[in-house]
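Positions are given from 1, in the same order as the sequence printed here. FYI, side chains are in, hydrogens and waters are out, and symmetry mates aren't considered; it's all heavy atoms of this structure. Values in this document were obtained by computation on a predicted structure and should not be read as measured data.
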Amino acid sequence: MEAAAIYHRPDSEFAYLYQPDDFRVRLRTKRDDAQAVDCFYGDPYDSEKGQWPYETIAMSKIASTEAHDYWEAALEVPHKRVQYDFRVVGTDGSELLYGDRGCFPFEPSLIGGGGNPFRQPYFHEIDRFQEPDWVRHTVWYQIFPERFANGDTSNDPADVKPWDSTVNPGRTDYYGGDLQGILDHLDYLQDLGINGLYLCPVFKAYSNHKYDTIDYLEIDPDFGDKEVFQKLVAAAHQRGMKVMLDAVFNHIGDRSVQWQDVLTNQSKSRFANWFHVNKFPISYQETTDFEHANELSFDTFAYTPHMPKLNTANPEVQAYLLDVATYWIKEFDIDAWRLDVANEVGHHFWRQFAAACHAVKPNFYILGEVWHSSQPWLQGDQFSAVMNYAFTETVIKGFVDKTLEPTRMVAGLNYQRMLYQQQVNEVMLNTLDSHDTARLLTLCRGDKALLRQTVAFTFLQEGEPCIYYGSEVGMDGGNDPDCRKPMNWDPATQDQELFAFYQKLIKFRLQHADLMTQGALTWQVVDDDQGLVKVVRDDGATFVTGIFNLSGQAQKIGALQTADSVVLSQGLTNDELAASGFVISQR
């Protein structure tokens, strides 16, 4: 047995309080190296009385990656403190005792002794990662406001283009989408089954995308005003929909009052320390690309001279942005913030941000845009979750591009899951496309069967599905700006069958929201030769099974259990599943 591969870390995703009386411990071993793992645990103060009266629990293997197996157990801890160590039984028959001091040949007399056990000295409820419960019961719908619907032509920009969902929009084109347009179509979204609205920025800004904020405390005039926004939030809440706004606190637009003052007064500006200016006077070398400059004398988002980076270590900037964050919660009752370029802002500020938001609304949801492993932000003191792009990329490579075999895809998904506490996984945002990526239908090369298969798989995973506007009626588009076409509102060209598919899938997901987020996840079949993946979700009473054919040809899947009822399927004939086929059943 390879002792060097055995790993555990207290007070982390390997040891955390899931519920007030439910302490979870995980252990990592080399893949296929251990046949069993036991956890010995009990009150640390009882060990001072002589022989330690410990409890023993067999740990379950909950996930495997290419290199490791992960084991987990739920411990009942009555006195809010615990010490524990592990017995690892190798497939070669060897046994090790693993604790805080490392690995030793197993002897029963060593259990709990010699200062070796791991300890959680006391469980503070305030330190437990507490996700908003409502998020687990949400299916999100992302809206790019300028392209969703034009409900008020009186606020159209002067150069607005005719609404046309077939065009390939340019980076600076305007089509007149606004908040009234979203308000006018809430019934449509309710009919689809959506209960979470994720809006790209709506604050006053220069561009059509609004990620270059001019004033965080004003609605962009192209979109309407605060009155219509208040109506939108109220109408959404009446329909049981939550509202998440997108905020850009990493940088601000160069048309903002603050940056304009710096340009005018240079180092003498009262806002000079609001930014990361490396050298005065402010300067940069323009290129033919509006979004890219050389020789920048100040820090920016990427190399964009029109988005100077805010100095969030500055107390004045902190106070300003925290006022912004709490203003929209207090005055308009929003339910969540999505934070753009969140990984480029200091952790110190995000801790203040989370505390301020939760002080106003304890069940507030904070979603960070982080495209990579996000452990530093997901310790309970900053974000509730992140946009789960690591999940997205793994699913796309497995289902769509076929560059990952099923075993490697599942290993990649398990690796991401094991990075976080279970309650974090339960509230991740799982999107397959967005305003920053090519649309899923385009990635699928127009193959709607493949799209449906990929979406169905995503709806069975932990974390909340997010639909990018128009995907439900068959909209396509390449990378930005092509993924930002005006919404197709023409019933004659909308794919109504696809809409009905999304409708049924959303309804099923919401009916089983607790099972899908909190239930067990078991990969029963992962077969590279047949290209089959079979995943089971269960809560002990209800079992939902999904079988997916990732190969390019029909595959035998065996007869479904007689107690199973088929909820949704594609390409299923008796016991055979066509290419891009799937079947979701329930028992």
Side-chain angles (χ1 to χ4, degrees), residues 1-30 33-63 68-90 93-131 375-376 378-381 417-425 518 520:
M1 184 163 47
E2 190 169 320
I6 300 174
Y7 183 72
H8 174 83
R9 189 173 76 256
D11 207 12
S12 72
E13 70 277 9
F14 281 86
Y16 62 94
L17 201 59
Y18 177 61
Q19 297 295 337
D21 58 350
D22 183 346
F23 179 63
R24 299 291 174 92
V25 290
R26 293 176 182 166
L27 183 76
R28 190 194 75 188
T29 62
K30 181 181 177 181
D33 201 33
Q35 60 175 297
V37 178
D38 293 324
C39 178
F40 308 115
Y41 68 100
D43 193 305
Y45 289 99
D46 288 344
S47 64
E48 297 175 0
K49 302 173 184 177
Q51 187 174 0
W52 185 41
Y54 59 83
E55 301 285 338
T56 304
I57 188 170
M59 301 182 71
S60 301
K61 188 189 297 185
I62 60 166
H68 298 107
D69 291 327
Y70 291 83
W71 307 74
E72 185 177 81
L75 313 183
E76 293 184 10
V77 182
H79 299 297
K80 301 179 183 178
R81 59 186 181 242
V82 70
Q83 72 175 22
Y84 55 95
D85 47 20
F86 305 95
R87 175 173 59 188
V88 185
V89 182
S94 62
E95 296 186 29
L96 294 174
L97 184 73
Y98 175 65
D100 195 46
R101 304 292 190 267
C103 287
F104 301 89
F106 178 74
E107 292 288 344
S109 61
L110 296 178
I111 297 172
N116 189 52
F118 295 103
R119 278 201 184 191
Q120 289 289 128
Y122 192 83
F123 300 136
H124 292 276
E125 178 64 11
I126 195 172
D127 290 334
R128 181 170 69 89
F129 192 109
Q130 300 183 50
E131 77 289 358
Q375 289 168 306
L378 297 174
Q379 301 300 313
D381 58 350
R417 293 173 56 227
M418 293 300 100
L419 289 176
Y420 311 115
Q421 299 178 28
Q422 175 58 25
Q423 53 262 58
V424 176
N425 291 326
Q518 297 175 296

Is the shortest heavy-atom distance from the side chain of [X] to the side chain of [Y] under 4.5 Å?
X	Y	value
Asp69	Asp33	no
Phe123	Arg128	no
Glu125	Lys80	no
Ile62	Arg417	no
Met59	Phe86	yes
Val424	Glu131	no
Glu76	Asp21	no
Pro10	Gln120	yes

### Message
Tell me which one of Tyr98, Tyr7, Phe23 satisfies ring-ring contact (aromatic ring centres under 6.0 Å, His included) with Phe118.
### Response
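The ring-ring contact (aromatic ring centres under 6.0 Å, His included) with Phe118 is passed solely by Tyr98 among Tyr98, Tyr7, Phe23.
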Going from [atom1] on [X] to [atom2] on [Y], what distance comes out if it is rounded to the nearest 0.5 angstrom?
X	Y	atom1	atom2	result
Tyr84	Asp38	OH	CG	15.5 Å
Gln421	Ser12	CD	OG	8.0 Å
Arg26	Glu72	CZ	CD	5.0 Å
His8	Thr29	NE2	OG1	14.0 Å
His68	Ile6	NE2	CD1	10.5 Å
His79	Asp46	NE2	CG	7.0 Å

### Query
Does the Gln423 side chain pair with the main chain of Phe129, one donor and one acceptor, at a distance under 3.5 Å?
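Yes, the answer is positive, given that a donor and an acceptor are paired below the 3.5 Å cut-off.
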### Query
Would you say Arg81's side chain and Asp43's backbone share a donor-acceptor pair under 3.5 angstrom?
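Such a contact is absent between Arg81 side chain and Asp43 backbone.
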What are the two closest heavy atoms between [X] and [Y], and how far apart are they?
X	Y	answer
Gln35	Gly90	NE2-O, 2.8 Å
Asp100	Pro117	CB-O, 3.5 Å
Phe104	Leu110	CB-CD1, 4.4 Å
Asp85	Gly99	CB-CA, 4.2 Å
Val89	Glu95	CG2-CG, 4.1 Å
Ala74	Asp22	CB-OD1, 3.4 Å

### Task
Give the ring-plane orientation class for Trp52 versus Tyr54, where under 30° counts as parallel, over 60° as perpendicular and anything between as tilted.
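Correct class here is tilted.
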### Query
Is it the case that Arg24 places NZ or CZ above or below the six-membered ring of Tyr18, under 6.0 angstrom from the centre and within 45 degrees of the axis?
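Yes, a cation-pi geometry holds between Arg24 and Tyr18.
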### Query
After noting the C-alpha distance and the side-chain angles of Leu97 and Phe40, does the key distance pass the side chain to side chain contact (heavy atoms under 4.5 Å, CB included) rule?
CA-CA 10 Å; Leu97 184 73; Phe40 308 115; 4.1 Å; yes
### Task
Mind checking side chain to side chain donor-acceptor pair (under 3.5 Å) for Gln375 and listing every partner two or more places apart, or none if nothing turns up?
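Side chain to side chain donor-acceptor pair (under 3.5 Å) list for Gln375, sorted by chain: Glu13.
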### Task
Kindly indicate, with the supporting measurements, whether the criterion side chain to side chain contact (heavy atoms under 4.5 Å, CB included) is fulfilled by Tyr70 and Phe14.
CA-CA 10 Å; Tyr70 291 83; Phe14 281 86; 4.1 Å; yes
